[in-house]
Number of protein chains: 2
Amino acid sequence: MEEQIQKILKHNQLSVTGGRTKILELFLAQDDALAHADIERKTGEKFDRVTVYRTLQTFLEKGIIHSIPTADNSVKYALCKDNCSEGHHHDHHVHFMCSVCGKTLCIDEVSVPVVNLPAGYKVEQIQMIVTGVCKDCA
Amino acid sequence: MEEQIQKILKHNQLSVTGGRTKILELFLAQDDALAHADIERKTGEKFDRVTVYRTLQTFLEKGIIHSIPTADNSVKYALCKDNCSEGHHHDHHVHFMCSVCGKTLCIDEVSVPVVNLPAGYKVEQIQMIVTGVCKDCA
DNA sequence: ACAAAACTTGCAACTCTGTTGCAAGTTCTT
DNA sequence: AAGAACTTGCAACAGAGTTGCAAGTTTTGT
């Protein structure tokens, strides 16, 4: 795992530092999306708030993670799958947010259905946010 | 229009006040979604920031407006269509956000396609956020 | 139409989230 | 191993959103 993390960081031309390693570790160990506050809590306040913000932004820019707009307008982040780092544009995403436990999951098994917009509209990106009850809370 | 506004407020058991009337007026005169800041600007700073927040929250609770999660994680609000006030749950929405002019529109002409989630997931609400270029900016 | 009750507003103060500049510290390169 | 390049923490700040409370407005009942 350590090795995998180093590989990801190097591959993105980022210095291997304690903060980045720890945060990446969190994402790898997690199956659902993390909010900034979750990360601060889980790192045991070992890093400065600012460092967490900057790390997340760096990861976003490099395409290591992506941000998820949730139905309650809070910001969450999730790890991109392997193919994301190959430079694709995250232009299709389905995210599921459980209204009971609050977990936010990337639903990869489902592809975003095509939407036909009125004439003249050009689509660049489609995000779907499905709210409901997850299989653990049902 | 004045009359329509009063009707909406009364129907939702809300006192008819200057602030609420003005904000509802804005929404009725607008074809795209408004952010809190837009409203403050457009009311000419006539009302306290807090009043605007509270008014928006009241309208949300009463189902007069709904909030839109945007791809950049800012909060926008839009008027619900007539049938919304009849108590339905906004469980399907397509919103289009123009990356050129920034306008956010409710796309009503398009219904949200059905998504098949993995077994065990119960769907309550589906929001789609389509980002791209609108017909005016194309 | 009026007074009392119920609700709404503005103010002040505060919390929470996110950002920026800068100096000190760490990592990388050769 | 030393210098260059990058990263971190700190302090200070900006903005978004919230809360309590007193004063003001709207509504209700008579």
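Chain identifiers are assigned alphabetically (A, B, ...) following the order of the sequence lines, protein sequences preceding nucleic acid strands; residue numbering begins at 1 within each chain.
In this entry the distance linking CZ of A:F47 with C1' of C:dG18 reads 19 Å, nearest Å. At whole-Å resolution of the value, CZ in A:R49 and C1' in D:dT8 are 14 Å apart. In this structure, B:Q13 atom CD and C:dC7 atom P are separated by 10 Å, rounded to whole Å. The OH-C1' distance, from A:Y53 to C:dC16, rounds to 8 Å in whole Å. A:R54 places its CZ atom 9 Å from the P atom of D:dG9, with the value rounded to the nearest Å. One interatomic measurement links the two molecules: CG of B:L9 to P of C:dT9, which rounds to 10 Å at whole-angstrom precision. In this structure, A:I39 atom CD1 and C:dG18 atom P are separated by 11 Å, rounded to whole Å. We find that CG of B:L60 is positioned 15 Å from C1' of D:dT18, with the value rounded to whole Å.
Between the A:S99 side chain and the A:G132 main chain, a donor and an acceptor come within less than 3.5 Å of each other. Under a 3.5 Å cut-off, the side chain of B:D48 and the backbone N or O of B:V50 do form a donor-acceptor pair. A donor-acceptor contact shorter than 3.5 Å links the side chain of A:K62 to the backbone of A:N12.
Taking the six-membered ring where tryptophan is involved, the planes of B:H36 and B:Y53 are essentially parallel, since the angle between them stays under 30° and well short of 60°.
Each of B:H66, B:M128, B:K76 was evaluated against B:H95; a single residue qualifies, B:H66, per the side-chain contact (heavy atoms from CB on, under 4.5 Å) test.
Looking at A:L79 and A:L24, their side chains come closer than 4.5 Å, going by heavy atoms from C-beta outward.
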Please tabulate the protein-to-nucleotide N/O contacts below 3.5 Å involving nucleotides 25-30 of chain D, giving atom names and distances.
{"unit_1": "D:dT27", "atom_1": "OP1", "unit_2": "B:V16", "atom_2": "N", "d": "2.8"}

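If you find the closest nucleotide of DNA chain D to A:D48 and to B:Q57, the one lying nearer the 5' end belongs to A:D48.
Put simply, A:R20 has a side-chain N or O that comes within less than 4.0 Å of OP1 or OP2 on D:dT7.
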